[in-house]
There are 2 protein chains.
Amino acid sequence: MSTEPFTFDQPCPIRDVLDRIGDQWSLLVLEALAEKTLRFNELMREIGDVSKQMLSKTLKRLEQDGLVLRTLYPEVPPRVEYALTDLGRSIMEPLAVLIEWADANHRAIVESRRRVSPPHP
Amino acid sequence: MSTEPFTFDQPCPIRDVLDRIGDQWSLLVLEALAEKTLRFNELMREIGDVSKQMLSKTLKRLEQDGLVLRTLYPEVPPRVEYALTDLGRSIMEPLAVLIEWADANHRAIVESRRRVSPPHP
DNA sequence: TGACCTGGTCACCATATGGTGACTTCTTGT
DNA sequence: ACAAGAAGTCACCATATGGTGACCAGGTCA
């Protein structure tokens, strides 16, 4: 299949990518930053229910993977801005296709789920 | 954004979908079944490193969500075949786009990761 | 002299996740 | 009689994940 070949150091690309965007918060962060550059606390407010710790971890991984650029302005109080890189912007296209599918088919999934295990018998 | 609006019963579609395909095994199962219908033990061998329990759980969720069809042939010994539904086949298209992106950009991600935290100083 | 702001980190704890190996049921093969 | 094989399930246990709230620095406002 298209995910092969891969080595141990460089695992199957798609599993690696899904590990990133498949977690609780990465997609939300990417979506927020796709709209515009945001500061740490702005991101927190934008996403709403993410904890500092998780947002911090998520941003760090996205930065390490080169999807997000972190810029520190050594002012007082310090200002830190997060923006998508070119790579980060480029992943939004495949994600948009997936989001489109999700929007179109979510109803079918929910109904299938309900059919199998009805609400309250 | 495109993921709104959503209710509590029917969460944000894309998060819901990512919860499914973003887990350890679902994508592998979908990919295997996209090639051809397989029996339980065939799937195990195909994927290689999945446990019975996880494969069972994964298949059950995919079936509940209407992505996979489980057919039991009441023979002896029993034969159970798993196949993609139309819905299951339709999600392979957005996934193919994502897989393509992953293949094309995985190298960039790995290199970015290495740049940030070098192997052995 | 505090109290507050930003952008975090850290320790603690609860829950979720996932692997292992035993067990099941029925029938066929030796 | 006994093992084997299909398709799972179940209990047990270890690790991963993620939330909470305390804490940090430096400077500013009242």
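Remember, it's a predicted structure, so these values are computed and weren't measured experimentally.
- For the pair Tyr73(B) OH and dA7(D) P, the computed distance is 12 Å after rounding to whole Å.
- Here Glu42(B) pairs with nothing under the salt bridge (charged side-chain N to carboxylate O under 4.0 Å, His left out) rule; sequence neighbours left out.
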How would you summarise protein contacts on nucleotides 6-14 of chain C per nucleotide, using B for base, S for sugar-phosphate only and - for none, with heavy-atom distances below 4.0 Å? SBBSBB---
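- Cluster partners of Val97(B), using a side-chain heavy-atom cutoff of under 4.5 Å among ILVMFWY residues and allowing indirect links, are Val97(A).
- What separates CG of Leu55(B) from C1' of dA6(D) is a distance of 13 Å, to the nearest Å.
- Residues satisfying the salt bridge (charged side-chain N to carboxylate O under 4.0 Å, His left out) criterion with Asp86(B), sequence neighbours excluded, are Arg89(B).
- Nucleotide dA7(D) holds its P atom 11 Å from the CE atom of Met44(B), rounded to whole Å.
- Spacing between atom CD of Glu75(B) and atom P of dA6(D) amounts to 13 Å, rounded to whole angstrom units.
- The distance between atom CZ of Arg61(A) and atom C1' of dG18(D), rounded to the nearest whole Å, is 11 Å.
- Taking NE2 from His106(B) and CD from Glu111(B), the interatomic distance works out to 11.0 Å, rounded to the nearest 0.5 Å.
- Residues passing the side chain to side chain donor-acceptor pair (under 3.5 Å) test with Trp101(B) are Ser90(A), sequence neighbours excluded.
- Atom-to-atom, CG of Leu38(B) to P of dA7(D) comes out at 11 Å; the value is rounded to the nearest Å.
- At whole-Å resolution of the value, CG in Asp19(B) and C1' in dT17(D) are 13 Å apart.
- Residue pairs meeting the side-chain hydrogen bond (donor to acceptor under 3.5 Å, both in side chains) criterion with at least one partner in residues 48-59 of chain B, sequence neighbours excluded, do not occur; the list is empty.
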